[in-house]
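Report on the structure given below.
Heavy atoms only: backbone and side chains are in, while hydrogens, waters and symmetry mates are out. Per chain, numbering begins at 1; letters A, B, ... match sequence-line order.
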Amino acid sequence: MKTNLFISAAACALLAMPTMAATPMEGEKLAAEQVYTYRLLDDIKSFDPQINTDVEGSEIMRDLFEGLMNEDATGGLVPGAAESYTVSDDKLTYTFNLRDAKWSNGDPVTANDFVYAWRRLVDPATASEYAWYMELMGVKNASKVVKGEVAPDQLGVRAVDDKTFEVTIDTALPYFAAMTVHGSTFPVNQKVVETHGSEWTKPGNLVGNGAYVLTEYRSGERVVRERNPMYWDDANTIIEKTVGLIVNDENIALTRYLAGEMDQTDIPAGQYPRLKAELPDDTYSYPRSCSYIYWFNQGEKGNPALKDARVRKALSYTIDREVVVDRILQGGQYQSYNFTHQKTAGFELPEIDYASWTQAERDAKAKELLAEAGYGPDNPLSVKISYNTDEAHKKIAIAVSQFWKQKLGVNTELANSEWKVHTTNMQNGDYEIARYAWCGDYNEASTYLDLMTSYSGHNVSGWSDPEYDKLMKDSKTMADPNPNYAAGEQLLADNMVFAPIYQYTGIIMLKPEVKGFPIDNLMQNWYSRELYIVEK
Amino acid sequence: MLNYIIKRLAIAVPTILVLIVFSFLLMHAAPGGPFTSERAVPPEILANLEAKYGLDQPLYMQIWTYIKNVVFHFDFGPSFTYKDRTVNEIIAQGFPITLTYGSVAFVFAVIVGVSLGVAAAIYHNSWLDYLAVGISIGAQVLPNFVMAPILVLIFTLWLGWLPGGGWENGEVKFLIMPVIALSTSFMASIARIMRSSMLEVMNANHIRTARAKGLPTRQIIFRHALKPAMLPVVSYLGPAFVSMITGSVVIDMFFSTGGIGLFFVNAALNRDYSVMMGITILIGVLTILFNLVVDIIYAWIDPKIRY
Amino acid sequence: MLIEQDKMENLADALVAAEVKGRSPWVDARKRFFNNKAAVAGLIVLICVGLFAFLGGYFAKFSNDEIDFMVIGQVAQLGGPSISSGHYFGTDDLGRDMFARVVQGTQISLMVGVVGAAIAVIAGTLYGATAGYVGGRIDNIMMRIVDILMAIPYMFVLILLLVIFGRSISMLFVGIGLLSWLEMSRIVRGQTLTLKNKEFIEAAQATGVSSFKIITRHIVPNLLGVVAVYATLLVPLMILTESFISFLGLGVQEPLTSWGALISEGAGTMQYGTLWQLAFPLFFFVITLFGFYFVGDGLRDALDPKDR
């Protein structure tokens, strides 16, 4: 779906839009046993939609709960708990019309459940780490509630009646509706949460409005969810049971996949070509909305040499992205010369000059720039790359240090630290060059580009530019924000605020019998109810 | 003897207190906190989180509150990472698992190790001896993080005999690989220790006398030699126990058993202060108790020792 | 693989007894040691590994951090061990020469083992000797501290130390070393208590020699046998601990490496047709551990010749 989803989202009513469900193609014969088993990297941190913070938890949230809107197999917006919605003329009030649906305990899903959940997300008493998501959505008073300045009931949401949920936002946001796909905005059943308190997410207690219910959870071992007969579209659900197996080691996970214990697992870095050759029907590589960069610290605590844009450019130019992508990662990732993932919906990849040069040209230019900046054999540049503990990050850091050493004579120190230390150092501006990856929250370029504004809180580079801030602010209200996005990307490239390295693909093993996995959805927002298993 | 036990238990109390304070301070000195994440949490949200988990209090107050809760309510607090669960729940769920495969591995290592060692000593310099020594040499130094993936490769992928991971309440087929991976190096150590100590005992005067009197070998071994020869093995069990807990990290990581070993490492990396503290205290208490038990067994076996 | 405390105590007893009798235990020990085939074999292996660590670098055609851009990306096909390509041990996943990396990893692992053991032994000896010599309440307090520290799960402390102070070789040395001195201090204290009342110490005290001097000049040298054996047996333990730390990803910084790091990388990719990445480091790891272990055992038996 390449059409601009924001234009369609802003249209007044979205009645009669297709809903999604598992739809076997003609001639496909369903297998007798409809159980889907996949690998989870880590234990689940929470089953509470307002508390959950990680991707694997979100996958489970989407099965257990249903938000206002869902995504279809290509990432397009389709109705979820809301059948349709309308937007006021000033684009500041959204009215969602809820469908007749039930919680898994039989209670009707009402607008009050959404009001309760949304207030719960920002309530300081809940202390949700994702409270900022509602601030990002711009819901009226969200920030004030989080700060404790006003009570949670002052949040700009209300139940007009049982089936009508109304949201007021501060500034027009073209992709507001798309943001309700996120797990943090899912409804919870007030009665259940209040009855069971902190125990409400235990299997047996947990009540959701999604297509599945949580039936078993064994910490460190597995999570099982089974079909919810109360779900409004249960008739079109095929998978009976979804099992997430927690397997910490990716190589063991692959072995167990090959032994037939799982239907899906991740492919370890560098193993894709071999597996592709051996099991062509099982291997998949598809775009995934994350962008991998090396921050250059231009702040006070950084390396003074990196304050010179010529140095930053020279370093970035010499990184041979082809080697990184084709020789190290080998999973069909995209060489990157900009920030936004190039497959982001509606995003037009701007023309960045050095993207079209050959590597030899880049290297030559880099040498020139570095010499201009005053570094050479007599005065060699020394830098330090920080990265967090991970096999792939390590390989890339080593390769980059070699590019710099072999082509520019730059001495590089490698500093590996575990995740918390790495993050703390980055956020304190206490690094020289640091590995980072940003994954989009929603399928629109601003999820990337807003990061680089001076006010984002995630921009740790020490670089800011009022012109950039203005471009991003203005883009919010433009019918086609692409010119501003392109100008923004150009500013980033001109200053080489960071070195873009590659843009992600998801590379997985998936049994050929499993159908309906949304590999064309950039966000990989998959729902068990869309899957089905055919006979071998 | 009873006096001795009481005295040892009395020392345990300050030991645990020191352990709590020491780990607490060490943990809070580590960079980053439980809520440090990829998305820098805005200060106002961080304030809410810290208020909820009591991290806004001064450190000495936090320690005091923690000790109070542990001592008077046996409450180890909520997990900072697994927000739906308390430390008590996590330990209650994971510890029986670790205990099960740990004790099976332990018993297995002792029985097989001792038998192997005794057999090697009795048939000293025979092929059996060489075989036993050879096996224990190899098994002793093969790191379990190498052995675990090899086991999965052989038994799950190539032979298809055993499931590659999971726990299923300790069903035997899920237990086999964790036990092998965890026990092998200890088994080998025990076999080696047993062999050399058995050889020594068999050369001792009272055994020589018994032999000279023409008592059957079997009787000599089981009545007279085995007990004193066990002494070095018994004193090895204390440190072996501690290493096994460390080894359980690898087991949980590779076999998805769900024990506390993996929580232990993950909590340190995630700065999950409360889980870290809970497991440290648990392991500290266990170590103290286990060493006490080992000392008692030692005293019981060795008539020379009187407390 | 752990040190048998019983045997260490027996050894210490025997050495002190010999000392008291005024007969040096070292006289016959050398002969006995060289009659022990396993110990001699172990010593030869260690010498070879040592030579490999120090001279291996001269034979490497590549440095340990240089990526072979011909090989990267096709390691399973092109990166195997071969004389003609100059990668005698093959390459790692990034196309770096395994030979150079194994040489360099051997240096780090041996260094961690030896320095870690040295720190443990020195700290343990000084602490134990002080406690035993001073005696009384201070002894009591010092040994209670040891009791307390022994109940602390040391792997946890080590992980936290590496996290707090950042990972560096020196931190690894200190961390690993400081966690292993406790047993040593107990044995040394026991022997010091025995030695303390002997005539030569009393004579020294009478002539006004300071306590510190008595400890370092008279007590510690008499413990040398135990210390030597203990240290030799401690080295493989240190190396094993380091390998576990590397497995957790807390080991030395790239481009430096260690056996533990190489083995855990190799173990991860063993089913992907690059078995040499595991085989070479594992081989050196195993033979070295056994070298130390046989030498340590042989040394102990040579110094404590009872039942022979």
Side-chain angles (χ1 to χ4, degrees), chain A residues 249-255 258-259 267-275 277-278 320 322-330 359 384-407 411-422 424-425 430, chain C residues 62-79 91-97 101 158-169 171-172 245-258 261-262 264-275 277-278:
Chain A
D249 184 274
E250 58 181 359
N251 298 306
I252 292 279
L254 180 60
T255 309
L258 296 172
I267 296 178
Q271 294 307 317
Y272 178 75
R274 187 182 65 86
L275 290 164
E278 286 170 19
D320 190 337
E322 197 183 320
V323 169
V324 171
V325 167
D326 295 342
R327 300 293 197 93
I328 297 176
L329 301 165
Q330 304 188 63
Q359 189 58 45
K384 180 165 131 183
I385 302 180
S386 307
Y387 61 99
N388 59 299
T389 312
D390 176 274
E391 209 46 45
H393 302 336
K394 183 175 87 184
K395 286 180 181 169
I396 293 174
I398 291 165
V400 168
S401 73
Q402 285 294 305
F403 296 142
W404 291 347
K405 186 176 175 183
Q406 293 180 10
K407 295 174 185 173
N411 297 319
T412 312
E413 183 193 340
L414 297 173
N416 158 32
S417 53
E418 41 100 14
W419 176 234
K420 291 270 177 179
V421 177
H422 182 68
T424 308
N425 288 345
D430 208 350
Chain C
F62 302 84
S63 72
N64 71 319
D65 63 346
E66 187 181 338
I67 294 176
D68 187 339
F69 285 99
M70 303 294 287
V71 173
I72 184 172
Q74 290 159 292
V75 171
Q77 296 82 29
L78 303 177
T91 71
D92 73 357
D93 256 8
L94 272 172
R96 291 181 296 180
D97 186 40
R101 294 189 68 70
L158 189 51
I159 290 170
L160 278 182
L161 285 177
L162 289 169
V163 162
I164 296 171
F165 297 107
R167 58 203 62 177
S168 62
I169 300 182
M171 197 57 233
L172 209 57
I245 290 295
S246 288
F247 163 72
L248 293 179
L250 294 169
V252 292
Q253 292 284 7
E254 287 283 349
L256 295 182
T257 189
S258 71
L262 289 168
S264 99
E265 279 166 23
T269 57
M270 67 183 163
Q271 70 259 51
Y272 306 140
T274 52
L275 206 57
Q277 294 175 358
L278 175 62

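- Contact annotation for C:Glu66: both backbone and side-chain heavy atoms come within less than 4.5 Å of a heavy atom of chain A.
- Residue with the most contacts toward chain C among A:Ala415, A:Ala399, A:Gly270: A:Ala415 (heavy-atom pairs, distance under 4.5 Å).
- Of all the heavy atoms in C:Leu162 and C:Leu250, the pair that sits closest is CD1-O, 3.7 Å.
- Distance check: A:Lys394 NZ to C:Glu254 CD gives 4.5 Å after rounding to the nearest 0.5 Å.
- Distance check: A:Thr424 OG1 to A:Lys420 NZ gives 7.5 Å after rounding to the nearest 0.5 Å.
- Distance check, rounded to the nearest 0.5 Å: CZ of C:Phe62 to CZ of C:Arg96 gives 13.5 Å.
- Rounded to the nearest 0.5 angstrom, A:Ile398 CD1 and A:Tyr387 OH are separated by 5.5 Å.
- With a 4.5 Å cut-off on non-hydrogen atoms, A:Glu413 does not touch chain C at all.
- Looking at A:Lys405, only its side chain comes within 4.5 Å of chain C, counting heavy atoms on both sides.
- Ion pairing of A:Arg327 with A:Asp320 is absent here, as no side-chain N (NZ or NE/NH1/NH2) approaches a carboxylate O to less than 4.0 Å.
- Interface residue C:Ile67: backbone and side-chain heavy atoms are both found under 4.5 Å from chain A.
- Both the backbone and the side chain of A:Glu418 have a heavy atom closer than 4.5 Å to some heavy atom of chain C.
- With a 4.5 Å cut-off on non-hydrogen atoms, A:Leu329 does not touch chain C at all.
- With a 4.5 Å cut-off on non-hydrogen atoms, A:Pro273 does not touch chain C at all.
- Exactly one of C:Leu256, C:Thr91, C:Asp92 qualifies for a side chain to side chain contact (heavy atoms under 4.5 Å, CB included) with C:Arg101. That residue is C:Asp92.
- Between chain C and the options A:Leu414, A:Thr412, A:Asn416, the largest number of non-hydrogen pairs under 4.5 Å is found for A:Asn416.
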